[in-house]
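To find a chain, count down the sequence lines: A is the first, B the second, and so on, and within it residues start at 1. Note that the coordinates shown come from a computational prediction; the quantities given were computed from them, not determined experimentally. The basis for the numbers below is simple: all heavy atoms, side chains too, and nothing from hydrogens, waters or symmetry mates.
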Amino acid sequence: MKIQLSHPWPETAAEAEAVQDALRAGLDLAGPGPARPATVAGVDVAYRGDRLAAAVVVLDAATHRIVEQVAVAGRTAFAYVPGLLAFRELPSLVEALERLTAVPDLIVCDGYGLAHPRRFGLACHLGVLTGLPTVGVGKTAFVGSHREPGHRRGDWSELLLDGDVVGRVLRTQDGVKPVFVSVGHRIDLDTACRHVLALSPRYRLPETTRAADRLSRAALRAAS
DNA sequence: GCGACAG
DNA sequence: ATCTTGTCGC
């Protein structure tokens, strides 16, 4: 899979925001998204100083067994700025995705999609760049307001931003802190939450996220 | 004006 | 994200 990053790569926050505004035109939020993805990819990045390691792990959607995995070591190329996380992680993540031998049916990202101050988080970037359906799963609140969802697995509440529903606060395990789900590209919120829940049979975070997190940390250790 | 702020 | 001890629970 060949992926074209924006050229030139933004240097400043203002340039990065301009890139987001331009890419947002490519968002597809019309269809319901994949009902039965055969494979789902999880992506994550680990850091240590200015070193980083990006990982993509493709799982069989039904069994959650690892089908393929790729890790890429690199250096931090953009400072962390809330709202511009994508520019920090995208270069290495894209490189890892390009090395996959098979294109996954869905990508689950660490972070947010539409639930973003400019309505274009990391999951939206990855969706527009790859053309694949993407979902954002955040571990902590970032933008928007919400009521506390019920305490049972599957309970959820709306994430609201300026009067719009931009995501859901979803309980993936009984009595465990909820996750923040938002759509990235080519999928609807209902379908996104359904897949996140199916990918989290035992732990708070989706198996895709857990697998990518482990691989990125291991790759970071191996590289440094 | 001040603080908060994905990973 | 990362820096970190002990501690509760299966």
Side-chain angles (χ1 to χ4, degrees), chain A residues 10 13 16-17 19-20 23-24 41-57 71-97 107-129 134-146 153 159-162 164 166-170 172-185 189 192-193 196 201-206 208-224:
Chain A
E17 292 181 348
V19 170
Q20 293 183 322
L23 288 178
R24 190 164 41 229
V43 297
D44 193 20
V45 179
Y47 301 89
R48 197 174 82 178
D50 65 339
R51 301 287 308 169
L52 64 80
V56 49
V57 180
V72 168
R75 264 178 200 296
T76 305
F78 207 94
Y80 171 68
V81 178
L84 300 180
L85 172 68
F87 298 91
R88 184 172 172 77
E89 310 204 326
L90 232 33
S92 299
L93 282 180
V94 161
E95 195 178 326
L97 284 167
I107 298 178
V108 176
C109 310
D110 239 60
Y112 286 74
L114 287 182
H116 176 277
R118 304 177 60 76
R119 310 291 176 104
F120 204 80
L122 174 63
C124 296
H125 277 269
L126 276 177
V128 171
L129 261 36
T134 58
V135 174
V137 178
K139 297 182 283 295
T140 62
F142 180 33
V143 289
S145 57
H146 65 88
R153 166 179 160 84
L159 222 202
L160 299 168
L161 181 59
D162 298 325
D164 300 318
V166 293
R168 277 183 197 170
V169 182
L170 175 67
T172 54
Q173 295 296 321
D174 292 357
V176 168
K177 200 199 321 180
V179 297
F180 298 75
V181 180
S182 59
V183 158
H185 183 61
L189 192 50
C193 286
V196 169
R202 165 115 207 248
Y203 300 101
R204 179 194 176 219
L205 298 177
T208 37
T209 302
R210 289 164 41 77
D213 181 78
R214 271 176 297 158
L215 178 58
S216 65
R217 296 194 198 213
L220 186 61
R221 283 192 316 152
S224 52

Notebook entry, point to check: How does protein reach along nucleotides 2-7 of chain B, written 5' to 3' as B (base within reach of a heavy atom under 4.0 Å), S (only sugar-phosphate), or - (no contact)?
Noted result: ---SBB
Next item on the list: Let me know the distance between CZ of R51(A) and C1' of dT2(C), rounded to the nearest Å.
Entry: 16 Å
Margin query: Between D213(A) and R202(A), which residue's closest nucleotide on DNA chain C lies nearer the 5′ terminus?
Written below: D213(A)
Next item on the list: Using a 4.5 Å cut-off on heavy atoms from C-beta on, say whether the side chain of K139(A) contacts that of K177(A).
Entry: no
Note to self: For a 4.5 angstrom cut-off between non-hydrogen side-chain atoms, does L85(A) reach F142(A)?
What the structure shows: no
Checklist line | Check: T172(A) main-chain N/O paired with R153(A) side-chain donor or acceptor under 3.5 Å | finding: yes
Next item on the list: Please identify each residue that fulfils salt bridge (charged side-chain N to carboxylate O under 4.0 Å, His left out) with R119(A), with sequence neighbours left out.
Entry: D162(A), D164(A)
Notebook entry, point to check: So do the side chains of V43(A) and C109(A) get within less than 4.5 Å of each other, counting heavy atoms only?
Noted result: yes
